[in-house]
Amino acid sequence: MIRFIIKRLLLGLFVLAGVSVITFTVARVVPSDPAARWVGPRANAEQIAAARIELGLDKPLPQQYITYMKGLFTGDWGTSIRTHQPVLRELLSFLPSSLELILAGMLIAVVIGIPLGVISAVKKDSWIDQLTRTFSVGGVSIPTFWLGLILQLVFFRQLSLFPLGERVSTNTSLLYPIDNWTGFYLLDSLLQGNFDFFKDAALHLVLPALTMAAYPLGLVIRMIRSSMIDVLGEEHIRVLKAYGIPAWRRVFVYGLKNALGPTATSLGLTFAYALTSTFLIEAVFSWPGLGMYASQAILANDYPVTMAITFLVTVTYILINLLVDVVVAMLDPRIKLYQNA
Amino acid sequence: MMKKRSRNTLLLLMLSVMLVLSACGSKGNTTAANTGSNTGSNTGSNTSSGNAPKGGIAVYSVNSDVMTFWDPSDSFSNEIIAMHNMYETLLRYNAQTKTFDKVLAEDYSKSADGLTWTFKLRKGIKFHTGAELSADLVKKSIERTIKRGKGASYIWESVKEINVVDQYTVEFKLKYAEALDNVVSAGYSAFIFDADALDKNGEDWINEGHDVGSGPYTVQKWTKGSDLVLTSYPEYWKGWTPKNFEKVVFKTTPEANTRQQQLEAGEVDITNQLTPEMLKSLDGKPGVQVLKTEAFQNLTLQMNTLKAPFNNPKARQALAYALNYDSIVKDIMGGMAEQSTGYLPKGLWGQDSSLFKYSYNPDKAKELLKEAGVSGGKLSITYLSGDEAERQVAELLKVELAKVGLDLEIKGMTWDAQWDLAKSPDASQRQDLFLLYYWSGYSDPYGYLSIAYKTENPIVYNLGYYSNPKFDSLIDQARKSAGSNRDGATALYKQAQEILINDAPGISIFDLKYGYALRDNFKGFSSNPYYANVVFFYDTYRE
């Protein structure tokens, strides 16, 4: 297992190197002068030249790349051309809010999706299966942007059940402020015993998290359903029945365990993808997350930020893939990781 | 039996999830309620003398991040929306009276030649740092801004030197007789601040979300990408009344639909940048008021004067006749615009409504193109992708040009990309037509006319690459005499615009109007086109 992990991590380094070279080159060959952007439109040629030296853009491209990569591993992720702020600091201020949203969405997807998928499989072709399948197709195909607006209309406008957007209401953040420990509002407020803040932040999370959950929810239902149908038809499950193992145990312990593997894999990929693809949800719910930050950076040709986000997403992909493989191996004793190594 | 139990377990699980969700929901009412006045306990500020503000919290929902650059010398963007509540200038333009209100300056005078301006400062004004306003700090603020050379610091170009006459008197010596009242009241880079404290604390400190101004409000809390909370400064020199707002919140709400819902639900007092359709649907709704105001911004069609066919003035005039202005204003802009007269926005001094106005005349356009020898070919136009109005204007133009055999290729691009294209070293590579909005760092006719049409090298914003020494000298002359003879300057600006109308290097299509939607109990707000999107919250209150 350890050998497998080390091997995968080393492989990950190669992927990272490849991705960083490509992004760096693409970001730098586009016809746009970061130095000119840095000093603003009214700057004269000397100011631009000075900025070029200040930003290290006067050096040859390979050298810039090496400097950049060195910085990446020593905590200097460069400075944003658009905001003139250290990229790492900005990234870390937006990352927790995105993660909080994505994790909440994933949690909803798993908690609702797995039972629904199982029911669907067990009651194959019944009315409940038809309904669930419609629901899951809707989940994966509905535009999240539109879903967010509809949820706002129904739950905010008509029913006044949930707030319209933002992570927490201004009143709460002024009356019951919390210290920023991890940047996860729910976690921070819990750790600090600030339940007023917690309650408010949790309420604010519901609609964006439901919107976020739509796609993975549909995915989980479909994956679980189809794997469960396969698994339940297999001989070992029938043997269990013959042994008199109760139905719920057959389905939820023996069956589900076999069906979780593929679901975990695709869920892991969805997670990494969600890091930056959530910007539409973030826009609708005024959620200050990584997606918004990334889209602003791309529009402004802010290459240090684009680089950093690409880097972050790549690392997440690599780590999550690894994690998923390890988890799947633990779920399924038939998979032996060390044999691959 | 077994089967039934498993189903029950599942149902129970699902039910409990739904219950948890709805339980959370039922308490949601408290947050959805108005961000009213129940935060008094947290003000933590008590005026030592006079009244305290007890008006609660005002909320302004803005389409993008309000704060990026916190340095009052450098800021040249959205930041002014909040900064004009934290910082003050010597004078402020009054859009109603069309004169300058005295803010930090108690009085001011200029010499007969317009080369020396003297400002008397109010006494006893305190910055949020505790320092007192003095001539020395005025000098330091402006000199710092000039020295940094960022933002709109170029507005101070005419200033030769700044002298401290005494503690409360500051004198400006100018290189030429510019209208300095225009400059010291500018929206950007004209703030007076505690320059000592700023330099002592450094750039990182200010960018964490601090201010060193003298305005009515000071920073309480800034959550990047989310909101900025300002709180009343107890020792503000104009004093406080119970009607004043205690706090002001600027919320970043990128999505227009969300801003509209916030306003309808009474969660915010005011918002901007809604589409004409949204404003129409909001108009007349209970509790909501829609304001249509002048904005010193015009949509301009710049033509590449270095390249055929638009190196020929006749072809450019033809285009001016090919635009259906009424349809653009009415159908595309939904009335949120007005056809421009000349090249200065309506409401700015120097604007002259007697100037010649092009009108839609396709026959005349055809005739002029024929005279120019243009019979066919391919042209390109760029606009800011995502800007619906610009796209539709481009589409309209495409239809008109197709009638005379010209094929217009429409390209929506990001601002940087189209701007870089317009600055390509080889003029033939640049777009033929460029649709963009113009506004100026400070609201002076010179600012508007020079930014887009004065000879420029290297190219910055003169994106039709127009160069006419006569025009240049007229506006220079006007600028240099406006301080001593404004009527003379106005006449010169008129003359300069006549040249532009005839030469048509670009067309000012329309003057934009800003639409604000506000709660009808939010009072005291009047839009001031000098300060785009700024709400001076000290003047506002809730009924």
Side-chain angles (χ1 to χ4, degrees), chain A residues 31-33 37 39-43 45 47 82-85 90 93-94 111-112 115-116 118-119 122 149 152-153 155-157 159-167 169-175 177 199-200 202-204 206 246-248 251-252 283-286 288-289 292-293 299-301, chain B residues 2-3 5-7 9-10 13-14 17 21-22 24-32 35 38-39 41-42 57 59 65 68-69 76 149-154 207 220-221 223-227 229 247 249 251-255 257-258 261-262 264-265 267 414-417 420 424 458 460-461:
Chain A
S32 154
D33 184 357
R37 224 170 285 300
V39 285
R42 292 273 164 190
Q47 282 172 300
R82 185 174 66 90
T83 66
H84 292 206
Q85 295 298 304
E90 289 202 321
S93 77
F94 290 116
V111 168
I112 301 180
L116 277 183
V118 171
I119 295 175
V122 173
L149 289 175
Q152 285 181 336
L153 271 178
F155 290 98
F156 168 75
R157 184 106 171 238
L159 305 174
S160 318
L161 282 178
F162 296 110
L164 185 61
E166 301 174 85
R167 293 183 76 190
S169 60
T170 311
N171 265 2
T172 305
S173 77
L174 289 177
L175 279 175
K199 212 168 63 190
D200 194 34
L203 279 174
H204 278 80
V206 174
W248 67 269
V251 172
F252 280 100
V284 171
F285 291 101
S286 317
M292 291 291 286
Y293 182 54
L299 286 177
N301 245 329
Chain B
M2 286 295 172
K3 263 187 167 173
R5 240 180 72 192
S6 77
R7 189 205 284 163
T9 327
L10 279 176
L13 189 72
M14 282 172 64
V17 170
L21 287 177
S22 62
C24 291
S26 62
K27 289 166 204 153
N29 289 327
T30 46
T31 24
T35 26
N38 56 346
T39 38
S41 59
N42 196 45
I57 303 178
V59 186
D65 258 349
T68 303
F69 295 107
F76 195 10
K150 295 184 181 172
S153 56
Y154 61 85
N207 280 323
Q220 175 172 358
K221 192 176 176 187
T223 314
K224 192 186 279 184
S226 186
D227 57 18
V229 181
K247 288 174 203 298
V249 180
K251 273 187 203 291
T252 310
T253 317
E255 179 46 42
N257 276 303
T258 313
Q261 293 207 48
Q262 285 174 331
E264 285 185 55
E267 288 205 336
T414 64
W415 167 254
D416 285 325
D420 282 342
S424 320
V460 183
Y461 288 124

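Order of the sequence lines sets the chain letters (A, B, ...), proteins ahead of strands, with each chain counted from 1. All figures in this text were calculated on a predicted structure; none of them were measured in a lab.
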Answer with yes or no whether the side chains of A:Thr172 and A:Ser169 bring together a donor and an acceptor at under 3.5 Å.
yes
Side chain to side chain, A:Arg167 and B:Asp227, heavy atoms closer than 4.5 Å
no
Per-residue contact mode, A:Ser93 against chain B (heavy atom under 4.5 angstrom)
side chain
Please classify the contact between A:Tyr293 and chain B as side chain, backbone, both or neither, with a heavy-atom cut-off of under 4.5 Å.
neither
Can you see whether A:Thr83 engages A:Glu90 through a side-chain donor-acceptor pair at a distance of less than 3.5 angstrom?
yes
Looking only at atom types and distance, does a side-chain atom of B:Thr258 sit under 3.5 Å from a main-chain N or O of A:Val284, one as donor and one as acceptor?
yes
Part of B:Thr223 within contact of chain A (heavy atom distance under 4.5 Å)
side chain
B:Glu264 with A:Arg157: basic N within carboxylate O range, under 4.0 Å
yes
Could you state the interatomic distance from CZ (B:Phe76) to OH (B:Tyr154), rounded to the nearest 0.5 Å?
3.5 Å
Go through the atoms of B:Thr252 and report whether side chain, backbone, both or neither lie under 4.5 Å from a heavy atom of chain A.
backbone
Select, from B:Glu255, B:Gln262, B:Gln261, the one with the greatest count of heavy-atom pairs under 4.5 Å involving chain A.
B:Gln261
Structural part of A:Gln152 lying under 4.5 Å from a heavy atom of chain B:
both
Please state whether the side chain, the backbone, both or neither of B:Lys224 comes within less than 4.5 Å of a heavy atom of chain A.
both
